[in-house]
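Take a look at the structure below.
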Amino acid sequence: RHLPHFAVGRVVKGFGRGSKELGIPTANFPADVVEHLPEDFQTGIYCGWARVANGPIYKMVMSVGWNPYYHNTQKSMETHIIHEFPADFYEAILRVGIVAFLRPEANFSSLDDLIKAIKKDIQDAEALLDSEKYLQIKEDPFLKDHRC
């Protein structure tokens with residue numbers, strides 16, 4: 001009921017697991033952006049659109065919540081942009097348009113199971129975001145804003 005949801009903030013260092021442990025890099029929002037989510041925004045896996053600085057708009061998958069596998073104590077918004085970037089972009093402005101809920105947050109019995117689930121989330125997002133309904137949101141002025 002809160003979708004689409006738009007958010008913007010500087011990319012901060014996360015837990016350092018995305019690239020190193022999972023092979024799936026994520027861009028993390030600072031705590032103040034996470035705190036501005038609607039109070040009843042469901043935790044889970046979402047998809048949508050993302051833009052770093054004034055670059056192109058790419059598909060993305062985002063985990064919103066506590067990451068039960070890692071027993072996080074701080075709620076996070078971790079964005080995996082479906083594009084290969086040549087370098088880290090800490091401190092860059094990240095704009096996202098969260099458009100669809102993919103699944104609830106879940107715990108996994110192994111790291112392999114977690115990685116498989118994330119890869120399926122990416123496949124699901126890629127297919128879903130090609131629909132006309134979600135392609136329209138890629139054109140939203142919020143995502144195209146040039147103020148960084």
Side-chain angles (χ1 to χ4, degrees), residues 1-122 124-126 128-129 134 137-148:
R1 102 184 103 159
H2 294 293
L3 300 178
H5 177 80
F6 295 95
V8 61
R10 287 201 181 276
V11 175
V12 297
K13 282 196 182 283
F15 301 103
R17 297 186 289 241
S19 293
K20 294 173 192 70
E21 202 170 312
L22 302 173
I24 303 164
T26 58
N28 298 278
F29 277 118
D32 67 314
V33 175
V34 179
E35 289 161 11
H36 279 91
L37 282 170
E39 206 171 289
D40 58 346
F41 197 89
Q42 184 178 348
T43 59
I45 310 305
Y46 291 84
C47 66
W49 302 101
R51 183 171 181 227
V52 177
N54 285 323
I57 298 169
Y58 295 109
K59 294 175 180 177
M60 66 84 172
V61 174
M62 178 186 285
S63 168
V64 176
W66 308 97
N67 300 324
Y69 181 80
Y70 289 106
H71 309 292
N72 287 1
T73 55
Q74 186 176 349
K75 191 175 187 181
S76 65
M77 291 170 70
E78 298 180 61
T79 305
H80 171 68
I81 301 170
I82 304 172
H83 174 76
E84 235 172 89
F85 289 87
D88 289 336
F89 46 84
Y90 294 118
E91 296 301 314
I93 295 291
L94 173 64
R95 294 176 175 280
V96 298
I98 304 167
V99 301
F101 181 79
L102 294 176
R103 66 173 172 84
E105 228 178 355
N107 201 347
F108 296 91
S109 54
S110 72
L111 190 60
D112 276 351
D113 287 348
L114 172 60
I115 292 169
K116 280 182 198 151
I118 295 170
K119 288 184 174 175
K120 183 180 182 321
D121 295 336
I122 292 167
D124 292 347
E126 291 219 63
L128 194 61
L129 291 168
Y134 298 125
I137 297 168
K138 183 180 180 184
E139 302 304 316
D140 192 280
F142 178 88
L143 292 170
K144 294 190 168 231
D145 192 331
H146 288 285
R147 290 171 293 164
C148 278

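FYI, the numbering just counts along the sequence from 1.
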Distance-minimising heavy-atom pair for V61 and A125: CG2-CB, 3.5 Å
Close side-chain approach of F142 and V8, heavy atoms under 4.5 Å: yes
Within-4.5 Å side-chain heavy-atom neighbours: K144 and I57: yes
Atom NE2 of H36: over 12 foreign heavy atoms under 6.0 Å: no
Side chain to side chain contact (heavy atoms under 4.5 Å, CB included) evaluation trace for L111 with L114: CA-CA 5 Å; L111 190 60; L114 172 60; 4.2 Å; yes
Candidate pair W49 and K59, rule side chain to side chain contact (heavy atoms under 4.5 Å, CB included), full reasoning: CA-CA 5 Å; W49 302 101; K59 294 175 180 177; 3.4 Å; yes
Steps toward side chain to side chain contact (heavy atoms under 4.5 Å, CB included) verdict (I98, M77): CA-CA 11 Å; I98 304 167; M77 291 170 70; 4.2 Å; yes
Contact check, side chains of V52 and L94, non-hydrogen atoms, under 4.5 Å: yes
Side-chain touch H2/L37, heavy atoms, less than 4.5 angstrom: no
Interatomic distance, I24 atom CD1 to K119 atom NZ [nearest 0.5 angstrom]: 6.0 Å
Atom pair NZ/CG of K13 and D88 - distance to nearest 0.5 Å: 6.5 Å
Approximate separation, where rounding is to 0.5 Å, of I137 CD1 and E139 CD: 11.0 Å
Where G48 and V99 come nearest, the two heavy atoms and their spacing: CA-CG2, 3.7 Å
Closest approach of L102 to D124 (non-hydrogen atoms, all atoms of both residues): CD2-CB, 4.3 Å
Shortest non-hydrogen contact from I81 toward M60: CA-CB, 4.1 Å
Least distance between heavy atoms, Q42 atom then P104 atom: NE2-CB, 4.4 Å
From CA spacing to verdict: side chain to side chain contact (heavy atoms under 4.5 Å, CB included), Y90, N28: CA-CA 9 Å; Y90 294 118; N28 298 278; 5.8 Å; no
Any side-chain heavy-atom pair of H80 and D121 under 4.5 Å: no
Ring geometry between F101 and Y46 (parallel below 30°, tilted from 30 to 60°, perpendicular above 60°): perpendicular
Smallest separation among heavy atoms of L143 and G97, with atom names: CD2-N, 3.7 Å
T43 and K75, any side-chain heavy atoms less than 4.5 Å apart: yes
Side-chain heavy atoms of I82 within contact of I122, under 4.5 Å: yes
Between CG on residue N54 and CG on residue D145, distance to nearest 0.5 Å: 8.5 Å
Side-chain touch F29/V96, heavy atoms, less than 4.5 angstrom: yes
Between CD1 on residue I45 and CD on residue E105, distance to nearest 0.5 Å: 6.5 Å
